[in-house]
Structures are given as structure tokens and as C-alpha cells.
There are 2 protein chains.
Amino acid sequence: MQDVADRAGVSLSTVSYTLTGKRPVSAATRVRIEQAMADLGFRRHPVARALASRRTHVLAIAYPVFGVSLGATLNEIVHGAVDAAREADYDLVLWPVSSDEPELVAELAAQRTADGVLLMEVALDDPRVAAVEQAGVPCALIGRTADPGDRVWVDIDFEQAIEVAVEHLVGLGHRHLGFVNRSQASFDAGYGPVVRAAAAFDAAMTSRGLEPVSTTCDVLPVAGRRATARLLAEHPDLTGFLVMNELALFGVHGALRDAGLRIPDDVSVVGVAITGEISDMYDHPLTYVSTPGPAQGRRAVEGLLELLDGRRHAPGTNLPCALRVRETSGPPPA
Amino acid sequence: MQDVADRAGVSLSTVSYTLTGKRPVSAATRVRIEQAMADLGFRRHPVARALASRRTHVLAIAYPVFGVSLGATLNEIVHGAVDAAREADYDLVLWPVSSDEPELVAELAAQRTADGVLLMEVALDDPRVAAVEQAGVPCALIGRTADPGDRVWVDIDFEQAIEVAVEHLVGLGHRHLGFVNRSQASFDAGYGPVVRAAAAFDAAMTSRGLEPVSTTCDVLPVAGRRATARLLAEHPDLTGFLVMNELALFGVHGALRDAGLRIPDDVSVVGVAITGEISDMYDHPLTYVSTPGPAQGRRAVEGLLELLDGRRHAPGTNLPCALRVRETSGPPPA
DNA sequence: TTGAAAGCGTTACCAA
DNA sequence: TTGGTAACGCTTTCAA
């Protein structure tokens, strides 16, 4: 940077100030400096910058490399986060830690190698939150804890997602719908998405005078197959299925076919909180209610940056999902 | 750190040296210093360390957030890499960049915010390699370029993987095997895994006096379904399938069932270069030839660190795969 | 609008 | 075996 200053005939500090923009610099010298930087192929050194300014200009996202999801969902969030970070001139790195390693997250945060941390797949009582905050690093939650306080959080509006799916099928004429949720274990643990979706489904059905039929299901194709088969056995009149379980989806199809049912002639299937990528993976393009995906990551980053800059941040938000009608839903058989 | 020095009654530099171990420190003072560090809850500041030592102690891995794989395969590699890095006291971060953004990789490397870069899903002519190296940052390849030179690379021994799978099925009595490869586009592009597997399958079959039947197939369940149906139509005598295509696998099953074939009674299915996680996702636990997964990441990191330390590094390696016999393979029908 | 210089928290060189 | 101190490449305060 001294080289740039010399070549532009100014002091080192002026170069720094044209870079940071924290002090007015006359147009003339700015041009000379920029020219000098171009000539010399100058690049700011982030490490030195971080040391001097006590800001790394890096955001980290705890990325669960061993989660149970297919990756597509997480990656959409990451994508949105990356975009938002880049726009704000921040780098976004992923920390490969699974959700049950709060100590690791704590250690990484304590290193102060990132200005803020994004937490994905946040549980109701997530030790990672305290881990990060105790290190004095602000964090944003994708999902939310039981009591998020005035933290930055971005969650999915599961109530709306379920409502939209039910409305779609009921609107097509269905009266008997089954809901395949995620695992019983996560339900028992009070994991937000699972509990809220279960309640939302019951509400959506009963408010329409319909009987809610639902089941939890491990996040595995085989589990989906068994759960669906059981549901069909107990409720042979079911003509529509809501599935909020990426992997189980694949088993659901198998079970329906085993039962001799065609999609969507005999039975409709709607994925809930699914990405387009997953929908494409289905045998026939799956009708689904999409996750807000990128928007979640984006909002989380924006909120986190507001926090960092001391701007007041918007309160937490539940983002809505959008119905995408494709080829697995239609009117019930006559 | 000055605080630690004061409390231990030594100079700042001595504290630094007990930390780095680059200079002998008497046992007595070492103990005092460690005590002082514990008392004060001292933590080294990685940013300052990086600036002074010109080493970040961070390794980055270009993580394709929008790859076509299911994530499980990539994540196994990441896991191995993380472990190896941690053992060597390095941090490993993931850079969320897709493989077709070499400029991004170049920019990140030029920031010199990592001491070395791991590249996954390396193509035969991968611009990322030059991008990283031109920034003066060493890299290791998972997969390999057409001419890896004396770079560090770790690839899968696809020849062995195919051979093992063929041997397994032929050993069970099969004479007519079909191979479902990855996309035609990647074959045409000369992508290593696809080209090598195709050749290996032909070799394994012809060397046994058998006719090799194979097809390329997009990385999608529907594509797998169609490809398998076509293969069956053209070669009704097929009794075994090798599938080196994570997503197509799900479609293969559907096609076989559509044809009224039971697994493994009528037809056997073997996944090639698949992870256990994928195997578990199959309707019945899939017989497969596993990827070396974590070993790939581990070896790549080890090689990269050797490079960084100026130790001579081992040449590139093809890691072998292991056959896992589960429930989708058996003798052909009589 | 600009310059000079004091840090930022380490490492590593030069002496002792 | 230890201490003092100049970097490392920036940001930012204090002066002008």
C-alpha cells in the first residue's frame, strides 16, 4: 500500500481512506490513487485489515455436514446468504460442524475469525446460540429457539405452508388427507418445524370440518414407505398426502404404487417445505409448497449485518412459502 | 499476551515461543506461563498470528453448493479433510462456490486468507487449478486434471471399483450385466470418472468373455428410470445392473419394478462409488462399492500440508473402493 | 483535504 | 535459555 501511495504521490493514509471511504478524498487524488492501484495490481490484505480494524469482514455459517437433509434445502439458504453477504462486501465461509458440536462452534467463534455467525437448523433449546454469544460474537438464527428474545431469526411460516397445501387439495375436491411429518423423536424433542406443522395440519383440517390423519416418520425412504402403507391400511379412503419429509417422499411414492394407486389419478401427493430440486427428483414433477430458501439466508445475513453495524434490526420473521402445482396433484377419483 | 508475560514474570517473546515451540523453553518457565495463560483465559489471536507469521493456519475447500450430487459424497470427503486438518492444528473452512466460478475461487485465493486450497470434483481441464496457483496458493485436487503433473491429487480407483462390482455379480453366476453410467455430457467432456468407468466396465466384461451393455444417464431419478427401461427393452436377458449414478439409482428401482422384476430374486443391483448413506436410502439396503470418502479428504489434506511444509509429498493416489454386500444382489434366476 | 504516526496482537530476528 | 524490538499491512487518531 505504501507503493501505491508513493506512485500516486500521496501519503499512505490517504490511500487507506480512499479505500475505506471514511474520509473525503478529492476527486483528483482519488483518480491518481486508483490509477496507481490498477498499475500495481494492488490488493488489500484482509488479514491486516482485520487486525487493524478489528473487523474481519467475514461471516460464518455453521454448516451441518452431517444433517439429515438432502443438502438442497441447506444449499439454497447458503446461496441466499452468500449473495447478501457479497452485496455488503462481506465474505461468507461455511464452518463444517454438525449441530451437536456446540463446543466446536464456541471455539471457532472465540477465535474471532468471523464478525458474525449464522446458525442453521436451530433447535428450540440450541446450545450453539449461547456458545456463540458468550464469545461476544453476534449471531442470527435460521429457525428459532423457544425464546429468541430480540435476536435475529428467520423461520419458515409452517402454518401458512400447511394451510396452502391443504387448501390446494381441498380445493380440488379432496376430503381425506394424510400428513407425513418428520420423525417422532424430533416431535418429542419439541423441534419447531415438526410441532408447528403437526398443529397446523390439525387446525387446517378441523377448521374445514375434516378429519386430520397424520403420522410422524423417520427421514428415510423406507420409513416413508412404511408410514404411508400404514396410513393407507388404517384409512383406505385417503386420496391426498402432504409430505414434509424430503427423504420419506421417495418411499411414499413406492407405497402408493404398491397399493396399486396412480398419481395423480387415484391419489395426490404434495411436498411441503421442499425445494424445486427435490421436486425434480420425484418420478413425476412433484406438486409442492416451496421453502423460502434463498430468502431465509438473505434475511438472516441482512439482519446480522444490521446488528453488526448497530443499526436497529428488524424483528424475527416467518417467511411464507409458495405453492407450485406440478404433476402429482389433481382432483380425487369420482 | 503481554498480560500473560507479566503474570508469569517473563518477556512477551518467551510466551510466544512456548506457544510456537520454535525455541526451547525451560520446563519451569513453561509451567509458569501455562499457568498464567490458564488463569487469564488467554487465547491466541489467529488474525494477528496470521499477519505476523504469514500463515493463516487455515485450509479452504471449494465446496460446490450447487453440485449435482446428493451431498453425502461430498460431505464424507469434507469430514475426512476436517479431521486431518484438525489433527495438524489447522482450521478447515468451506468456500461456497460452484465449480464453474473459477474467478471467485481465484479472488478468494488471492486474498490469501487460507494457506492452501482443496478442489473437489476436479474436471480434466479445470480452470480453478490455475486460478488458485496463480495466486501463489498451493492446492490439492480431489479427482484430477488431464495432466496433474506433480500436484497433490487423490482420486478414486474407478477401474478397481468396477472390477470388484463385476466380479461380485459374475461370481454369483450373472452373465448379462448392464452398466448405468453418469451423463453423456460429462462423458463427452471427458470427465475422468465417467470415461474411466465406461472403459473399465468394458474391460471387465470382455476379459471375461461377456458382452458389456452400458448407457449414460443424466443424474436424475427419472433419467435412471428411462435408461433402465430402455436397457431392459433392448437386452431382456440382463440380470444385473451396475449403477454409478447416485440419483439415477432411485429411478432404476422403479423401472425394474415396472418390469415386474424383483430384487434380488430376478435381478441384482449394485451401486458403484456410492456412500453408505445412499445405500440406506434405497428401498432395500443396496449392495454397493463404497467410495473411499473420508480417506480422500484426509489424503488430500495431508498432501497439501506436506506441500506447505516443504516436505516432499507423496505422488497422487487412486484410492480403492470396498464392496459391501447387502440385500440387492444375489444369484440370477435359474 | 491531507500527512504523520500510533497502534492492532502476534512472530521472529538480533543480542545477551 | 531468555529479553528486547522490529516487522506484518493495514486502520484511525491527532495535527495541520
Side-chain angles (χ1 to χ4, degrees), chain A residues 1-34 36-37 40-58 89-91 110-115 135-137 308-310, chain B residues 1-34 36-37 40-58 89-91 110-115 135-137 308-310:
Chain A
M1 185 152 127
Q2 184 61 62
D3 296 342
V4 175
D6 292 347
R7 184 173 240 267
V10 297
S11 82
L12 189 156
S13 61
T14 301
V15 176
S16 175
Y17 280 116
T18 91
L19 243 19
T20 62
K22 293 195 177 178
R23 196 166 83 171
V25 172
S26 77
T29 67
R30 149 162 294 123
V31 168
R32 291 215 314 287
I33 289 173
E34 279 165 355
M37 295 200 299
L40 270 45
F42 170 81
R43 312 188 65 102
R44 222 156 157 188
H45 189 142
V47 173
R49 171 148 90 128
L51 183 59
S53 66
R54 294 135 157 279
R55 283 284 199 121
T56 61
H57 266 251
V58 169
D89 192 34
Y90 270 74
D91 274 340
Q111 303 229 145
R112 313 203 119 271
T113 180
D115 294 337
V137 176
L308 286 175
D309 297 348
Chain B
M1 187 152 126
Q2 183 62 62
D3 295 343
V4 174
D6 292 347
R7 184 173 241 267
V10 297
S11 81
L12 190 157
S13 60
T14 302
V15 175
S16 174
Y17 281 117
T18 92
L19 243 17
T20 62
K22 292 195 177 176
R23 197 165 83 170
V25 171
S26 78
T29 66
R30 148 163 294 123
V31 168
R32 291 215 315 287
I33 290 173
E34 280 164 355
M37 295 200 297
L40 270 46
F42 171 81
R43 312 188 63 104
R44 222 161 163 180
H45 189 141
V47 174
R49 171 148 90 127
L51 182 60
S53 66
R54 295 140 154 281
R55 283 285 199 121
T56 61
H57 267 254
V58 169
D89 192 34
Y90 270 74
D91 274 339
Q111 303 229 145
R112 314 204 117 268
T113 181
D115 293 337
V137 176
L308 286 175
D309 297 348

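Residue numbers start from 1 in every chain, and the chains themselves are labelled A, B, ... in the order their sequence lines are given, proteins ahead of strands.
Ranked by how close their nearest DNA chain C nucleotide is to the 5' end, A/L12 and A/T29 are led by A/T29.
A sub-4.0 Å separation between OP1 or OP2 of C/dT1 and a side-chain N or O of A/S26 is absent. Phosphate proximity of C/dG7 to A/R54: absent, as no side-chain N or O sits under 4.0 Å from OP1 or OP2. At least one side-chain nitrogen or oxygen of A/T14 sits closer than 4.0 Å to the OP1 or OP2 atom of C/dG3. For the pair B/K22 and C/dT11, the criterion of a side-chain N or O lying under 4.0 Å from OP1 or OP2 is not met.
No donor-acceptor distance shorter than 3.5 angstrom exists from the side chain of A/R49 to the backbone of A/H57, with no hydrogens or angles considered. B/T56 contributes a side-chain N or O that, together with a main-chain N or O of B/D115, makes up a donor-acceptor pair within less than 3.5 Å. Between the B/R112 side chain and the A/P46 main chain, no donor and acceptor come within less than 3.5 Å of each other.
Between the CG atom of A/L51 and the P atom of D/dC10 there is a distance of 12 Å, rounded to whole Å. When the P atom of D/dT2 is taken as reference, atom CD1 of B/I33 falls 8 Å away, rounded to whole Å. Protein atom OH of B/Y17 is 4 Å distant from nucleotide atom C1' of C/dA12, rounded to whole Å. The nearest whole Å value for the distance from the CG atom in B/L19 to the P atom in C/dT11 is 6 Å. As a whole-Å value, the separation of B/M37 CE from C/dG9 P is 17 Å. The CD-C1' distance, from B/Q111 to D/dG9, rounds to 14 Å in whole Å. Distance, B/D3 CG to C/dG9 C1': 11 Å, rounded to whole Å. Summarising the geometry, the separation between CZ on B/R44 and C1' on C/dC8 is reported as 17 Å, rounded to the nearest angstrom.
Nucleic acid contact for B/R30: none, since no nucleic acid atom lies under 4.0 Å from a heavy atom of the residue. Heavy atoms of B/R43 sit under 4.0 angstrom from primed sugar atoms or phosphate atoms, though from no base atom. Backbone-only engagement by B/V10 is indicated by non-hydrogen atom pairs under 4.0 Å involving sugar-phosphate atoms exclusively. Here A/S53 lies in heavy-atom contact (under 4.0 Å) with sugar-phosphate atoms only.
Checked against C/dT1, C/dT10, D/dC10, the side chain of A/A48 finds its nearest nucleotide in D/dC10. Out of C/dT10, C/dG3, D/dC10, the shortest distance to the side chain of A/M1 is found at D/dC10. Residue B/A52 has its side chain nearest to C/dT10 when only D/dC10, C/dT10, C/dA12 are considered. The side chain of B/S11 lies closest to D/dG4, out of D/dG4, C/dG3, D/dG9.
Taken from CZ in B/F42 to CD1 in B/I33, the straight-line distance is 11.0 Å, to the nearest 0.5 Å.
Side-chain N/O atoms of A/R23 and base N/O atoms of C/dG3 include a donor-acceptor pair closer than 3.5 Å. Judged by atom type and distance alone, B/S13 reaches the base of D/dG3 through a side-chain donor-acceptor pair under 3.5 Å.
Side chains of B/S16 and B/S13: no donor on one and acceptor on the other come within 3.5 Å. Defined by atom type and a distance below 3.5 Å, a donor-acceptor pair is missing between the side-chain atoms of B/Y17 and B/R30.
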